[in-house]
Each structure stands twice: as C-alpha cells, then as structure tokens.
Asker: 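Got a structure for you, written out below as structure tokens; questions coming shortly.
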Amino acid sequence: MPARHPLGVQTDPMHSDVSSADSADGNGIDMEPEVLAALRSTREVVDRNRVESGRVGLVSLGVVSSDDEDEGNDNEEAERDDQVGAGGSTSAATAFGDDEARRLSQVSATAISSSNPVAKRPRLSNSSLASASHLYGCPICLSTIREAFMTACGHSFCFRCISRHLSERHVCPLCFQSLEGDQIFPNFALNKLITQGTLESTIQTNLPQPLFLQQQHHQQQQANQLSLRNLTTVEQIRSTVENGDELDADDIDTLLKILQQKKQSMQSYARQFEMSTMRQFLLKAQTKKLSEMEVLRKELMVVEEDLEYVSTQLDRFAQSSETFGDGALARSRVVSTCGRQPAAEGAQVPNATLAEPKDVSTEQPHNKRVEEHFNDLESFYFNTRMRGVGEEGLDEFLETLTTFARHERFRPVATLRYGDSTASTAIVASIEFDRDDDVFAVAGVTRKIKIYDYNNVIEQAEAWSELAQQRRRGRGKEQVMDERQGEWWNGEGEASGAGDEGSISTALQYPVTELTNRSKISCLSFNPYIKSQLACSDYDGTVSLWDVSTGVPTLTLGEHEKRAWSVDFSHVDPTRLCSGSDDGKVKIWTTNRRTSVMTIEGKANVCCVRFNPLHGNILSFGSADHNVHCFDLRSPKHPLYVLRGHRKAVSYTRFLSPDEIISASTDSSLKLWNLQTQECVRTFTGHANEKNFVGLTTSGGEWIACGSENNTMYAYYRNLSQPAVTYRFGNCNPVTGVEQAEEDPSLFVSAVCWKNKTNTMLSANSQGIIKFLELV
C-alpha cells in the first residue's frame, strides 16, 4: 500500500521524496507555492549530498584529488551564500528539509560505502592514487584483469601477462624494479572484487559521465606508454613508423645519426672489453714466462757449473793417462766418483778409459738408454741439483746415472717349469729364497710347494747351454745330465733372445723337496733365522708352518674366516709372524701357540702384510680401501700412518728401507712413500695391472721389480719413474715347452723375487714358466 508523504502526497515506498517532488513539479500537480519551494530546496540538498558522497568515494579511489574536493567545497559554500542573500523561502525550506536532507545524505553515504569497500580506505598519496586507478585493468593487456597476481612491489597484473613478461625481462612493467618469477603472488581480494563487479559499477555510479570518460582516456594513454616502454628500442621505432607517425627527412637523419653514434659507442666499448681481457691474459702469461725464465736461468747456471767441473776432472784424468800410460791405468784400477772419493793426485781414472779429452761426445759410443730416458733423467738431475749443495747433488745424480747406464737388460740364465704336462693351470703365486739364499720355494694354484736348490739349477742350465753350443758346432749329441737329476727337452726348446750367451732350455726339473697343501697357496715366507721353517697362506684362510727338511707340517693356524692372501715372518723376532685375509683382519701369531695373540681389524679386504725389517713392532698392510696402513703392535687400536694416493686396491707392500715403503696397486702404478713425511716421493708407471696379483720385490734399496698383465716383467730404479729394464716372456707350449709365435693376451707375470745382494731375479708367469734372469 502506498505510503503517505508528510505533506499529503502519496508515494511508493521504494522511491525517495525527491523523486516525488520532481514528479509533482513535472506533471503539473497543483501544490501550494510554499510546498513546492520546500520540495525544491530539499532536492537541492539531497543532490548536493549525493555529489559530496560520490566525490568522497572518488577521492578514496584516486579518481579525484583532495585539492579538487576542497575547491568543490568552496564553490558549494559560495553558492550557498548566494542563495541565502537572495532571500525568499530558503530559510523556511532549509528549516523544513534539514532533518529529511540529513537522513537522505546518511542513507546515500551508507549505500555508497557499503557497495564500495575501496571508499572506506584512507586517503592515498599521489603515486598510490595513480596505481589504484588501474586496479581493475591490466597495464599490459589493457583489459580487465584475469587471475590477478600482485608483485612484490605492489602492482597487479593478469597472471598470463606478467608470466610472459618475466620470461623475457626480470623487472616490474610499471616501476622497473627487479622482479623474479617467485616474487608474484595471487591477489585474492582483487579477484573477488573484479568478480563481483563492484569496483567498476561504483566508479560509474558516483562519477559524472564526462569525468569518467576523461579518466578512462587518461588510463588508456598511461597503459599505452607503459606498453611502449616495455618494448625494445627497435620495436619502439618500428611501432612509431608503422602507426603512421609523420617523419620528415630531418627526423630520419637525426635518427640515423643517433643510431650511428650509438653503434660507434657500442663498438668502442666492445673493443675496450676485448683489449682489457687480452691485457689481463698477456700480463699473466708474462708473469708465468718470467718465472719460467728465472727457473731456466738458474738451471742453466747449474748446468754450466757442472759442465765446467766435469771438464776439469776430465783434463786431470787425461794428464794422469799421459803420465802413467795405458798399462799403468789398467793395473791401477783406481775408480773415482766425482766429488765423493777423490784418489791421490795424479791417480784418478774414470770408469771408462779415455784417449783424448778434447771431444768426449764424439769419441764415446752413443748411449741409447740415456737418450730414451733423457726426460726422466733430466727431471731427476735438476731435482737433486736444486736440492743438493755443491757437489753433493751432483754425486747423487752421478750414482743414479752410472747405475742406470751400467745395466741395460735382463739375460736369461735358466728356465724351468712349476707345473707338469697334466696340469690344466700352473699359475705361480709366490717365490721365496731361504735365509742363506741356497734354496728357493715356488708355490701356486697346484697346491704344491716345490723346493729347488739354486746352485744345482744354475749348474744344470750351464751344462745344457754348453751341450747346445756343441751341437751347433756339429759335435753331435751328448747326454751330460743324469736322468735321475733332471729330465731335459731337446734343443728345440731354446729360449728366444739368448743370443751369443747360448740357448737356455726350458726344463722340467725335479725339486729337492715337494710339499702338498690342502688348498691353493697364495703366499710363502721363510723364517729369517730358522733355515728350514717355511710358512704359507692358502685360499681356505689357513696359515701353515712346514719343516722343509722333513716335509712335514708342524703347525696349522686357522682363525681366518676367508681366503688368506699374505703371510710374513718378523725379521727381529723369529717366533712372530703375521697374516692378512679377505675377512679384513690382520692376525699376529707365534710359532709356539695355535691361537693368534693379536688381531687388527681393517675396514676392507687385506691383500698383503709385511713386517718392518728393522722394527719388530711395526708392520704395514695394503687394503682394498686403496690405502696403505702402518700399525705399531704396542698400540694396535689406531694406525700410525694411513698413506693415501692409490686409486684402486693396494695388492702389495714392501719395505725398501726402514723408513720407506713401496706399494703396488691395481691402478697400474707403484708408489714410494717416505714414512717420516708420510708423502709419496715418486710414482712408478709403465706396467699394466688392473685385476691380477703380479708380484712385487726389491733389491738393495735401489731396484724394484713387478710383473705385468702383458706377460712382461718390469724393473724400476728408485730415482726414475719410468721402467729401467724389462723382460718379456714368450708364449710357451705347456706340453713341449717350445715358444710359439702367436701371443696370448691372457698370460701375465704372476710372481717375482730378487736374490739378495745379487743382480739375479726369479720371475714366473701364469703358465708356470720360471725364468732365472741376470741384470747385465
């Protein structure tokens, strides 16, 4: 039912009084003049309040500034004063409509504030006002924001637009601050506001149409400027030309000039960068070469000093030769090492007889070995001379040079076989000499330990060599060996490379004693004090003691849980021995007990173990953890040293001296370690060893020998990293012993052993062929 107006006019409850007044005025309804004046006054108040409320909302939204608001208030106050001065029924209308106008103003403000949450915000600064005016539109695509995302600097964009922009440039499109892809976040409030559509409707409702269109045009211009700013320089120029902007010839010339200057500037900067980089490189190269030149200058000075010293010595030798004559020189046999042991004045002679000291290089034969190993010798020479003082460094190098030059090759003296013709495999695992070097033991996978008399083998080899020479001279066949002592093959079994020394036969000789073990044998060790006592380790993890004279095992030690690889007697305490196994344990035994007296726990498989030749409580062992471990048995919980440097398992260790250890690894290298500094002194390379045990032996603290997986034995001199002498095994027929022409890549040298204080070495390969080699 229509509600009744206080002045007697019926209106719809959903319409305001002002609309009723407009209707009454426009439709010509007869009203009293006072009533009409009051209605018009009320309508003006309501309109003024509505405009003020809309301006408040626009100021909050950033569309109208606070200065415009103050100016509008001043204009309204002036108009109000004019109306009061004009008289009439304004006071009556105001008196009549104050309450109604106040109520309508409050209703209008409440409606606007409730429909526009942005109007509730406090006034913003000028920069914030500019940003707030674009909240409903994306500055990149200029459309309504879809999936609004806000940056760390406070600006909002479409998720697709800002993602595409950040894939090319890492700055904010509006403020150009640094911006990364992980610095944008969803703007849930703006998404909700855009979805409801309240922001746009509030602005259009409260903003007069011309002003709204003006603001929209201003926003479009700002968006175009921002979009143009995001383009590259080339894209901006192309956009300017394609959009039809008028450019005359002067503008184009100016543009070309600017671009040319920019190009020259860029080229100059690039050239400057290139020259700066080149200068830095050249300075570093200059410093390096100056340093090398200084080193070369010092080395050249050393060479000149040594050359002058050697020339002086040669002149003195020449004078001695002229004084005593060649016969006196031959009888005197006085050998002097430069600077070390000078003989009496006028009695110094060199190792080789010199006729004239004028030009030694042209009169002495050219030493190919020195030429082949020149780089290695040169390196050792400068290392010793720079480290030594005066003639001491020269003496050390001279000793190495003469020793190296004196020995050129291995001469085969005798050959015998470990296995027999019925054995499918005869790999020799270990060769060891006894205390007096009279007999030697050979053992391997045949489970047999064969004891040979060294002198007997050599005598038989010499006799066979003499017989072979006689047969070559046509003197017929003569049997010089008793069949009970040995069974010999015919001359067709000659070893290659015998040369003028005569051919050496490959013989199957009966051993002095033969011992049979229960399992394959991995290592042998003679007691250094008890001549007939021999220890062996086998694949069952058992360590056995044998009496060689009777051929009877005297003690069996079986605490290892896996294969035992190594066993060794102490050189200080003849009752103590040690063993290492795949179970990662090193056990210390005594010859009078069946149980171990100490166990050292390793971290990996123990491949070898050795006592120090001078200190009975010090031992070393190589392990599958690529390291060499040294322990003091008086404190076995922690190692004395751990020597790291190998890249694979350490298969052998030997003491070159009480303070030096040589280690072999399946990384195809040997390393010489100094126990005092715990550093690797030298690395020896040249042989091949990746999977098999190839043996390791030393002689006199100078020579080191090992096998190789190319069926060759390698000998190293301690001061040189490359092999000094090598000897290659042939491919012998396992039945006839005749060497075959074709090579077998599966053959390898498996065991080596120097004879103490001699140049003789025993070496065996995986066929069971044992070579007696003499270093000559």
Asker: Checking Glu294 now: which residues fulfil salt bridge (Lys or Arg N to Asp or Glu O under 4.0 Å) with it, not counting sequence neighbours?
Answerer: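 Listed in chain order: Arg297.
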Asker: Is any side-chain heavy atom of Cys141 closer than 4.5 Å to a side-chain heavy atom of Cys158?
Answerer: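 When only atoms from C-beta onward are counted, Cys158 and Cys141 do touch, with a gap below 4.5 Å.
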Asker: Taking side-chain hydrogen bond (donor to acceptor under 3.5 Å, both in side chains) as the test, write out the residues that go with Asp376, two or more places apart.
Answerer: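 Testing Asp376 for side-chain hydrogen bond (donor to acceptor under 3.5 Å, both in side chains), a comparison that skips the adjacent residues, returns none.
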Asker: Could Lys585 and Glu561 be called an ion pair, given the rule that one side-chain N must be under 4.0 Å from one carboxylate O?
Answerer: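 Looking at Glu561 together with Lys585, the answer is yes, because their closest N to O distance falls below 4.0 Å.
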Asker: Side chain to side chain contact (heavy atoms under 4.5 Å, CB included) for Phe281 and Thr277? Distances and angles first, verdict last.
Answerer: CA-CA 6 Å; Phe281 167 77; Thr277 305; 5.8 Å; no
Asker: Please check if atom CE in Met266 has more than 12 non-hydrogen atoms from other residues, nucleotides or ligands closer than 6.0 Å.
Answerer: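 Atom CE in Met266 is not crowded, with 12 or fewer foreign heavy atoms closer than 6.0 Å.
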Asker: So, taking the atom named SG in Cys161 and the one named CD in Glu147, what distance separates them when rounded to the nearest 0.5 Å?
Answerer: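 One finds 10.5 Å between SG of Cys161 and CD of Glu147.
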Asker: Test side chain to side chain contact (heavy atoms under 4.5 Å, CB included) on Ser665 and Arg647; report intermediate values, then the result.
Answerer: CA-CA 8 Å; Ser665 171; Arg647 294 179 287 105; over 6 Å; no
Asker: At their closest point, which heavy atom of Ser620 faces which heavy atom of Thr653, and how far apart are they?
Answerer: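 Looking at all heavy atoms of both residues, the closest pair is OG-OG1, 3.5 Å.
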Asker: For Ser156 and Asn187, which I'm curious about, is there any donor-acceptor pair between the side chains at under 3.5 Å?
Answerer: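 Side-chain D/A pair, Ser156 to Asn187: present.
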Asker: Enter the distance from Gln286:CD to Arg279:CZ here, rounded to the nearest 0.5 Å.
Answerer: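 It is 10.0 Å, given to the nearest 0.5 Å.
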Asker: Rounded at 0.5 Å granularity, tell me how far CD in Gln264 sits from CD in Gln267.
Answerer: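 It comes to 7.0 Å.
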Asker: Just by distance, do the side chain of Glu709 and the backbone of Glu690 share a donor-acceptor pair under 3.5 Å?
Answerer: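 Yes, because the side chain of Glu709 sits within donor-acceptor range (under 3.5 Å) of the backbone of Glu690.
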Asker: Which pair of heavy atoms, one from Ser669 and one from Thr685, lies closest together, and at what distance?
Answerer: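 Scanning both residues, the minimum pair turns out to be CB-CG2, 4.1 Å.
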Asker: Provide the closest heavy-atom pair for His165 versus Cys172 in the form atom of the first, atom of the second, distance.
Answerer: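 Smallest interatomic distance, heavy atoms only, reads NE2-C, 4.4 Å.
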Asker: Of the non-hydrogen atoms in Val606 and Trp565, which two are nearest, and what is the gap between them?
Answerer: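 Reported closest heavy-atom pair: O-CD1, 3.6 Å.
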Asker: Is there side-chain contact between Val586 and Thr599, with at least one heavy-atom pair below 4.5 Å?
Answerer: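 Contact flag for Val586/Thr599 side chains = no.
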Asker: Do Cys630 and Ile661 make a side-chain contact, defined as non-hydrogen atoms from C-beta onward lying under 4.5 Å apart?
Answerer: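 In contact.
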Asker: Between Asn383 and Ser379, is the side chain to side chain contact (heavy atoms under 4.5 Å, CB included) condition met? List the steps.
Answerer: CA-CA 6 Å; Asn383 289 337; Ser379 176; 3.6 Å; yes
Asker: Please indicate whether Glu660 has more than 12 foreign heavy atoms, meaning atoms of other residues, nucleotides or ligands, lying under 6.0 Å from its CD.
Answerer: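 Enclosed.
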Asker: Kindly say whether Gly137 contributes a backbone atom to a donor-acceptor pair with the side chain of Thr144 at under 3.5 angstrom?
Answerer: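 No; judged by distance alone, with no hydrogens or angles, the pair does not exist.
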Asker: From Lys637 NZ over to Asp632 CG, what is the distance, rounded to the nearest 0.5 angstrom?
Answerer: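 Between Lys637 NZ and Asp632 CG, I get 14.0 Å after rounding to 0.5 Å.
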Asker: Against Phe149, only a single residue in Phe188, Phe185, Phe159 fulfils ring-ring contact (aromatic ring centres under 6.0 Å, His included); can you say which?
Answerer: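 For Phe149, the ring-ring contact (aromatic ring centres under 6.0 Å, His included) test succeeds with only one of Phe188, Phe185, Phe159, which is Phe159.
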Asker: Rounded at 0.5 Å granularity, tell me how far CZ in Arg682 sits from CG in Asn674.
Answerer: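 One finds 11.5 Å between CZ of Arg682 and CG of Asn674.
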Asker: Are the side chains of Arg169 and Leu179 in contact, using a 4.5 Å heavy-atom criterion?
Answerer: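 With C-beta onward as the side chain, the pair stays apart.
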Asker: Could you check Thr666 against Asn689 for side chain to side chain contact (heavy atoms under 4.5 Å, CB included), going step by step and ending with a plain yes or no?
Answerer: CA-CA 5 Å; Thr666 51; Asn689 181 19; 4.2 Å; yes
Asker: Just by distance, do the side chain of Thr254 and the backbone of Asp250 share a donor-acceptor pair under 3.5 Å?
Answerer: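 Pair found, side chain donor or acceptor close to backbone of Asp250.
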Asker: Apply ring pair (Phe, Tyr, Trp, His ring centres under 6.0 Å) to the pair Trp673 and Tyr641, showing each step before the final yes or no.
Answerer: CA-CA 11 Å; Trp673 306 89; Tyr641 319 109; over 10 Å; no
Asker: Using modelled atom types only, decide if a donor and an acceptor are shared between the side chain of Thr287 and the backbone of Leu283 within a distance under 3.5 Å.
Answerer: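 Such a contact is found between Thr287 side chain and Leu283 backbone.
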Asker: Do you know the tightest heavy-atom contact between Gly181 and Leu166?
Answerer: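 Answer, listing the atom of Gly181 first, then Leu166: CA-CD1, 3.9 Å.
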Asker: At what distance, to the nearest 0.5 angstrom, does CD of Gln177 lie from CD of Gln183?
Answerer: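 The CD atom of Gln183 is 10.0 Å from CD of Gln177, to the nearest 0.5 Å.
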Asker: Taking the side chain as every heavy atom from C-beta outward, state whether Leu670 and Tyr652 have any atom pair closer than 4.5 Å.
Answerer: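 Answer no - side chains too far apart.
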Asker: Would you check if there is a donor-acceptor pair between the side chains of Lys671 and Thr683 at a distance under 3.5 Å?
Answerer: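 Indeed, the side chains of Thr683 and Lys671 share at least one donor-acceptor pair under 3.5 Å.
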Asker: Is there a side-chain contact between His629 and Phe631 in this structure, where contact means two heavy atoms from C-beta onward sitting under 4.5 Å apart?
Answerer: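 Yes, side chains in contact.
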Asker: Any donor-acceptor pair under 3.5 Å linking the side chain of His646 with the backbone of Asn627?
Answerer: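 The answer is no, because no donor-acceptor pair under 3.5 Å joins these two groups.
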Asker: Taking all non-hydrogen atoms of both residues, which atom of Cys138 and which atom of Ile145 are closest, and how far apart?
Answerer: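 Looks like N-CG1, 3.4 Å.
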